[in-house]
Amino acid sequence: MGTVTGPSLEAFLPELPEVEITRRHLEEAMVGRRLERVRVTHTRTARYNATTGEVESRLSGRRVDTVGRHGKFLVIGLDDGYTMVAHMGMSGRFSVAAKTDEEAPHTHFVAVLDDGAEVRFIDPRTFGFIAVFDEDELSDSALSRLGPDAWVDPPSVPILMRALNGRTAPIKALLLDQGPIAGLGNIYADEALHLAGIHPLTPGGGLDATEVAGLLLAIQKVLSEAIESGGTTLDDLAYLLPDGQAGDNLSRLGVYARTDEPCLKCGTPVERIVVRARSTHFCPRCQAL
DNA sequence: AACGATCCCTGTTGGC
DNA sequence: TGCCAACAGGGATCGT
């Protein structure tokens with residue numbers, strides 16, 4: 001992983017690998033710790049059933065038992081049975097900081113731990129959120145509608161076949177949906193489809209067992225490589241991993257953000273189309289319809 | 001039910 | 001050079 005120095009601006013879009021790396025940092029910092037004081041300073045950061053003040057009071061004084069993840073959601077178990085659920089949206093990042101560290105712009109959440117460290121949530125575009133749910137609220141939340149986690153609980157070929165059966169929507173859209181499989185965002189959906197040689201507009205129900213098996217393998221490969229290399233840090237915004245480092249996965253991308261550049265497998269220029277209002281990159285030769 | 005369009009938000013970029 | 005519209009995207013919501 002590259003350490004960022006000076007004024008260079010780097011970003012990453014938090015998808016499963018980036019959320020998993022964040023989870024590991026937060027687990028190290030938070031498990032067994034008590035949240036002494038919690039501050040939520042942006043109304044959009046507290047979402048669903050709770051105001052900023054309610055999130056603060058539900059978290060303050062609680063001890064963290066577990067830090068888990070399902071898809072792109074962080075799932076933090078508290079000692080009173082409540083669950084803190086966090087989503088980093090598109091611009092959110094967590095930072096584990098010392099009390100004396102200067103607060104970054106757009107810091108909307110600060111938890112002071114009983115060892116003096118602070119867990120901060122920084123989110124310029126406020127697409128992310130932090131919620132605290134009891135059991136009923138949790139079972140009624142978006143978490144309950146997620147498919148199996150693409151990394152720790154990947155669906156088998158028959159399970160994914162069944163989820164895609166009869167679906168006419170493009171496979172790209174279904175990968176982003178989080179229902180058939182949870183954790184892929186725009187970058188890794190494009191990368192997995194490219195690696196599997198599947199055109200993004202292929203109707204989900206039109207994939208045969210061989211193609212679904214290949215897609216699942218491709219998903220495992222792009223996710224594991226991204227996690228190992230520290231996630232994908234793009235160079236247009238200033239978002240970093242919790243320890244201030246940038247991920248190194250950018251150079252591994254085959255199609256994402258490579259419009260008109262040669263496909264690394266065959267040299268054909270990468271094409272960009274829009275699917276469900278999301279930019280979609282693919283090689284027209286390796287991924288023929 | 002499934003699908004697609006629209007909205008939220010702001011730092012950055014590209015065109016004039 | 002300066003201004004402003006366009007762009008980026010995860011998930012919620014709404015209309016068909």
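Side chains are part of it too, since the values below use all heavy atoms of this structure and drop only hydrogens, waters and symmetry mates. Below, chains carry the letters A, B, ... as their sequence lines are ordered, and counting in each starts from 1. As the structure is a prediction and not an experimental result, all values here were calculated from the model.
Scored by the ring pair (Phe, Tyr, Trp, His ring centres under 6.0 Å) test, H281(A) finds Y256(A) as partners (sequence neighbours excluded). Every residue meeting the ring pair (Phe, Tyr, Trp, His ring centres under 6.0 Å) condition with H42(A), not counting sequence neighbours, appears here in chain and number order: H108(A). Looking at residues two or more places apart in sequence or on another chain, you find a ring pair (Phe, Tyr, Trp, His ring centres under 6.0 Å) between F121(A) and F94(A). Partners of Y188(A) by ring pair (Phe, Tyr, Trp, His ring centres under 6.0 Å), not counting sequence neighbours: none found.
Listed in residue order, the members of residues 69-78 of chain A having a heavy atom less than 4.0 Å from DNA chain C are K72(A), F73(A). Within residues 150-169 of chain A, the residues approached by DNA chain B to less than 4.0 Å at the level of any non-hydrogen atom are R167(A), T168(A), A169(A), in residue-number order.
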Item to check | Full working for salt bridge (charged side-chain N to carboxylate O under 4.0 Å, His left out) between K99(A) and E36(A) | outcome: CA-CA 13 Å; K99(A) 228 174 235 174; E36(A) 291 198 329; 5.7 Å; no
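Checked for salt-bridge contact, E103(A) and R39(A) meet the test: a charged N lies under 4.0 Å from a carboxylate O.
Heavy atoms of P170(A) sit under 4.0 angstrom from primed sugar atoms or phosphate atoms, though from no base atom.
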I'd like a table of atom pairs between the protein and nucleotides 6-8 of chain B - only N or O on both sides, under 3.5 Å - with the distance next to each one.
unit_1: dC8(B); atom_1: O3'; unit_2: R44(A); atom_2: NH1; d: 3.3

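For the pair H42(A) and dC9(B), the criterion of a side-chain N or O lying under 4.0 Å from OP1 or OP2 is not met.
For the pair T268(A) and C286(A), the minimum side-chain heavy-atom distance is 4.5 Å or more.
Rounded to whole angstrom, the span from the CG atom of L176(A) across to the C1' atom of dA2(B) amounts to 16 Å. Atom CZ of F129(A) is separated from atom P of dC9(B) by 16 Å (rounded to the nearest Å).
The nucleotide range of DNA chain C contacted by chain A, defined by atoms under 4.0 angstrom from heavy atoms of the protein and reported 5' to 3', is dA8(C) to dA12(C).
The list of salt bridge (Lys or Arg N to Asp or Glu O under 4.0 Å) pairs with a residue in residues 68-86 of chain A, not counting sequence neighbours, reads E20(A)-R69(A), R34(A)-D79(A), R62(A)-D79(A), R62(A)-D80(A), R69(A)-D149(A). Listed by first then second residue, pairs satisfying salt bridge (Lys or Arg N to Asp or Glu O under 4.0 Å) with a partner in residues 157-177 of chain A read K172(A)-D190(A), not counting sequence neighbours. Counting only residues at least two apart or on different chains, the side-chain hydrogen bond (donor to acceptor under 3.5 Å, both in side chains) pairs with a member in residues 202-222 of chain A are K221(A)-E225(A). Applying the salt bridge (Lys or Arg N to Asp or Glu O under 4.0 Å) test to residues at least two apart or on different chains, the pairs with a partner in residues 257-267 of chain A are R258(A)-E261(A).
Put simply, the side chain of E137(A) gets close to the backbone of D134(A): a donor and an acceptor are under 3.5 Å apart.
Of the residues V38(A), D123(A), I122(A), the one that meets the side chain to side chain contact (heavy atoms under 4.5 Å, CB included) test with F109(A) is V38(A).
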